[in-house]
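Quick notes on the structure that follows.
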2 protein chains.
Amino acid sequence: MTEKKSLLQWELSIADHLPGNSIDCVIFGYKNQELQLLLLHWKHHDTWSLPGGFIGINEDMDEAANRILLERTGLDSVFLNQFYTFGGTKRSKMNEAAYTKRMEFLTKSKIYSSKTMEWLTKRFITTGYFALVDHEKTTPKPDFLSDKCDWIALHSLPELLMDHGEIIQKALEHLRVRLNYLPIGFSLLPKKFTMQDLQKLYEAILQRPLERSNFQRKMLKLDILTRHEKQMTGAANKAPFLYSFNKERYELLLRKGIGFSF
Amino acid sequence: MTEKKSLLQWELSIADHLPGNSIDCVIFGYKNQELQLLLLHWKHHDTWSLPGGFIGINEDMDEAANRILLERTGLDSVFLNQFYTFGGTKRSKMNEAAYTKRMEFLTKSKIYSSKTMEWLTKRFITTGYFALVDHEKTTPKPDFLSDKCDWIALHSLPELLMDHGEIIQKALEHLRVRLNYLPIGFSLLPKKFTMQDLQKLYEAILQRPLERSNFQRKMLKLDILTRHEKQMTGAANKAPFLYSFNKERYELLLRKGIGFSF
DNA sequence: ATCTATTGTGTCATATTTATACAATAAACT
DNA sequence: AGTTTATTGTATAAATATGACACAATAGAT
């Protein structure tokens with residue numbers, strides 16, 4: 001049986017990884033004017049979690065994060081930053097309910113060997129990375145432990161494994177702070193977008209309304225946007241311009257910072 | 001012999017710690033109008049390194065960082081923040097010269113048991129914490145592996161162990177960025193200080209001159225400073241006021257941010 | 001009494017931010 | 001075809017912040 005064989009293979013591969021460290025990716029997307037997260041749904045029991053993985057014995061931590069992101073989304077070389085390392089002793093038991101449910105299930109069902117169980121359930125220090133991606137470019141794929149890999153709106157998050165809820169909160173804080181000095185918002189949008197799209201995105205991240213005309217002025221002054229043809233929306237009003245962002249200027253600002261705040 | 005006995009004890013205690021993770025503290029102080037770092041000098045061979053340590057099996061990572069800081073400085077509950085985790089595969093060999101020198105010495109001298117040597121020289125993922133302290137309140141104490149614990153000016157750093165130079169650079173970046181949205185500079189000064197002291201500190205951190213009267217205006221507007229009596233400096237000029245900073249207002253700004261930049 | 005270096009404060013010219021106004025316009029409605 | 005509607009691009013006035021500089025006050029040296 002393929003399932004059983006690959007399970008065995010997976011259990012063997014564990015030994016090629018650092019035993020007490022993991023990586024969790026908080027992958028942000030933007031859809032329906034809402035921030036969305038790419039989450040995994042566990043096989044055999046109803047729990048959601050962040051896409052994560054282990055670090056190869058000869059693999060840099062950053063490489064591991066890139067690999068994990070690539071495996072789940074099909075995307076390479078997108079915005080991906082380390083943001084915090086979670087090293088509490090009780091992190092695996094943070095979400096008590098989900099934890100006991102999971103443990104009960106696993107021990108009862110004997111999906112994993114006792115050695116694997118031991119490996120999986122011991123103390124882990126996890127390092128969080130956050131990614132900003134254009135959700136339309138992704139092809140979400142579950143990993144070996146999960147049966148679903150879906151975009152979930154930030155405002156309707158399900159119960160999450162362990163401390164993954166906290167990890168997401170911390171990632172959000174970082175995202176909001178960095179929005180003030182890096183032009184990172186653009187990574188979440190498709191190639192061409194209207195000024196309204198961009199503003200709505202900023203509002204979704206910052207969770208507060210921004211003044212339209214001032215927002216437009218500020219963005220244009222960054223000198224990062226290229227204006228294109230108008231977009232006929234079909235609505236009964238003036239058609240907005242489409243914009244794309246200038247890659248070189250963007251790279252420059254990424255390094256130098258934009259030094260403004262909302 | 002006490003040295004030998006405590007060495008044995010130390011080697012035994014290693015087993016009570018997580019095997020692949022460490023913590024390094026970048027402890028900033030301010031003396032002679034310069035930023036200073038608290039560094040350790042290794043026993044038996046001429047290498048300096050950051051104060052670091054391992055994480056107890058039942059110890060939160062933050063606890064471990066606090067403990068390490070306390071052990072080296074005697075200080076508790078001061079400004080201490082995690083800033084980055086270094087997980088490259090080659091970090092132990094980054095400073096080639098210092099590394100080979102150290103390895104040669106250690107293998108030749110047989111100070112440690114082969115088991116300890118194995119433990120010490122395998123791949124480690126280290127998490128950096130940075131601390132801001134009033135150096136006058138510290139009582140630097142070497143750890144078990146070192147014979148000196150001294151304040152070293154940032155501008156005359158010696159050759160450092162492994163990637164500790166890079167860790168310091170990253171800590172500095174974080175310090176500079178956070179200076180723009182957190183009132184953290186104050187942690188480095190004694191209780192009472194003049195406006196010039198504060199300005200010189202900011203200049204030391206940012207590595208550029210700031211305009212005196214504008215700096216004063218900006219700081220006073222934060223509404224974080226309490227003005228005290230004048231300080232008779234003995235110099236042939238107008239005596240400056242002493243200031244201290246308001247703890248509550250400071251806590252508020254720490255959480256809210258101050259949203260300005262130089 | 002005069003001089004010197006530094007301090008506290010004020011001011012002026014420039015940016016930047018906030019709030020608001022208004023003409024332009026794509027499509028719906030009469 | 002003319003009118004209406006919602007949204008867009010741009011302008012502007014007032015409030016606020018910033019950078020550069022001026023100047024009187026003053027502790028101690030001369």
Side-chain angles (χ1 to χ4, degrees), chain A residues 33 176 179-181 183 185 189 192-204 206-245 253 256-262, chain B residues 32-33 176 179-183 185 189 192-204 206-245 253 256-262:
Chain A
Q33 309 205 342
R176 285 182 187 134
L179 199 63
N180 280 327
Y181 67 99
L189 292 173
K192 290 186 180 180
F193 48 87
T194 67
M195 197 55 84
Q196 199 192 38
D197 292 336
L198 190 58
Q199 186 182 336
K200 286 269 157 52
L201 168 62
Y202 270 71
E203 290 178 338
L206 296 171
Q207 291 289 296
R208 65 190 167 87
L210 300 170
E211 208 287 322
R212 184 185 60 87
S213 71
N214 295 334
F215 178 84
Q216 176 138 336
R217 179 163 35 93
K218 217 162 184 175
M219 282 299 160
L220 289 178
K221 202 168 44 175
L222 283 182
D223 193 24
I224 203 182
L225 297 177
T226 312
R227 182 178 280 187
H228 298 279
E229 74 284 1
K230 291 199 170 195
Q231 184 192 42
M232 298 302 165
T233 54
N237 52 39
K238 193 172 177 179
F241 284 109
L242 284 172
Y243 295 90
S244 64
F245 69 92
L253 291 186
K256 291 215 167 190
I258 55 186
F260 77 29
S261 63
F262 282 99
Chain B
N32 306 331
Q33 307 204 345
R176 285 182 186 133
L179 199 64
N180 281 327
Y181 68 98
L182 295 174
L189 292 173
K192 290 185 179 182
F193 49 86
T194 66
M195 196 57 82
Q196 199 191 39
D197 293 335
L198 191 58
Q199 187 183 336
K200 286 269 156 53
L201 168 62
Y202 270 70
E203 290 177 338
L206 296 171
Q207 290 289 296
R208 65 191 167 87
L210 301 170
E211 207 288 321
R212 185 183 59 85
S213 70
N214 296 334
F215 179 83
Q216 177 138 334
R217 182 169 28 136
K218 217 162 183 173
M219 280 300 160
L220 290 177
K221 202 168 44 175
L222 283 182
D223 194 24
I224 203 182
L225 296 176
T226 312
R227 182 178 281 187
H228 297 280
E229 74 283 0
K230 291 199 170 195
Q231 185 191 41
M232 298 303 165
T233 54
N237 51 38
K238 193 172 176 178
F241 285 109
L242 284 172
Y243 295 90
S244 65
F245 69 91
L253 291 186
K256 290 213 168 193
I258 55 186
F260 77 29
S261 63
F262 282 99

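Computed from a predicted structure; not experimentally measured. Numbered from 1 within each chain, the chains take letters A, B, ... in sequence-line order.
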* Within-4.5 Å side-chain heavy-atom neighbours: His228(A) and Thr226(A) -> yes
* To do: Check the angle between the aromatic planes of Tyr202(B) and Phe215(B) and answer parallel, tilted or perpendicular using the 30° and 60° thresholds.
  => perpendicular
* To do: Send over the distance from Met195(B) CE to dG8(C) C1', rounded to a whole Å.
  => 10 Å
* To do: Rounded off to whole Å, could you give me the CD-to-P distance for the Gln199(A) and dT7(D) pair?
  => 12 Å
* Asked: Can you find a donor-acceptor N/O pair under 3.5 angstrom joining the side chain of Arg212(B) to the base of dG8(C)?
  -> yes
* Using atom CG of Leu220(B) as one end and atom P of dT7(C) as the other, report the distance to the nearest whole Å. => 14 Å
* Structure fact -> Closest non-hydrogen contact found for Leu210(A) with Glu203(A) is N-OE2, 2.8 Å
* Quick one: is dT7(C) close enough that its OP1 or OP2 comes under 4.0 Å of any side-chain N or O from Gln216(B)? -> no
* Structure fact -> Residues Leu201(B) and Gly185(B): closest non-hydrogen pair is CD2-O, 3.0 Å
* **Reading 5' to 3' through nucleotides 25-30 of chain D, protein heavy-atom contacts under 4.0 Å coded B for base, S for sugar-phosphate only, - for none** => BBBBS-
* Asked: Between Gln196(B) and Arg217(B), which is nearer to the 5' end of DNA chain C once each is assigned its nearest nucleotide?
  -> Gln196(B)
* salt_bridge(Glu211(B), Lys218(B)) N-O dist < 4.0 Å -> no
* Looking only at non-hydrogen atoms, find the nearest pair between Arg227(A) and Leu220(A) and report the distance. => NH2-CD1, 4.4 Å
* When the C1' atoms of the five terminal pairs at each end define the local axes, what inter-axis angle does the helix from dA1(C)-dT30(D) to dT30(C)-dA1(D) show, to 10 degrees? -> 20°
* Does any non-hydrogen side-chain atom of Gln199(A) lie less than 4.5 Å from one of Met219(A)? -> no
* Which atom pair, heavy atoms only, marks the closest approach of Met232(B) to Ala239(B)? -> SD-CB, 3.8 Å
* Classify the side chain of Ser213(B) versus the base of dT7(C) as yes if they form a donor-acceptor pair under 3.5 Å and no if they do not. => no
* **Phe241(A) CZ to dT10(D) C1', straight-line distance once rounded to whole Å** => 11 Å
* Structure fact -> Atom NZ of Lys200(B) and atom P of dT7(C) are separated, to the nearest Å, by 8 Å
* Does Gln33(A) use its side chain to pair, donor to acceptor, with the backbone of Ala204(A) at less than 3.5 Å? -> no
* To the nearest angstrom, how far is Phe215(A) atom CZ from dT7(D) atom P? -> 17 Å
* In whole angstroms, how far is the P atom of dG9(D) from the CE atom of Met219(A)? -> 15 Å
* Asked: Contact class for Thr194(A) vs. all strands (heavy atom < 4.0 Å): base, sugar-phosphate, or nothing?
  -> nothing
* **Interatomic distance where NZ belongs to Lys218(A) and P belongs to dA17(D) [whole Å]** => 13 Å
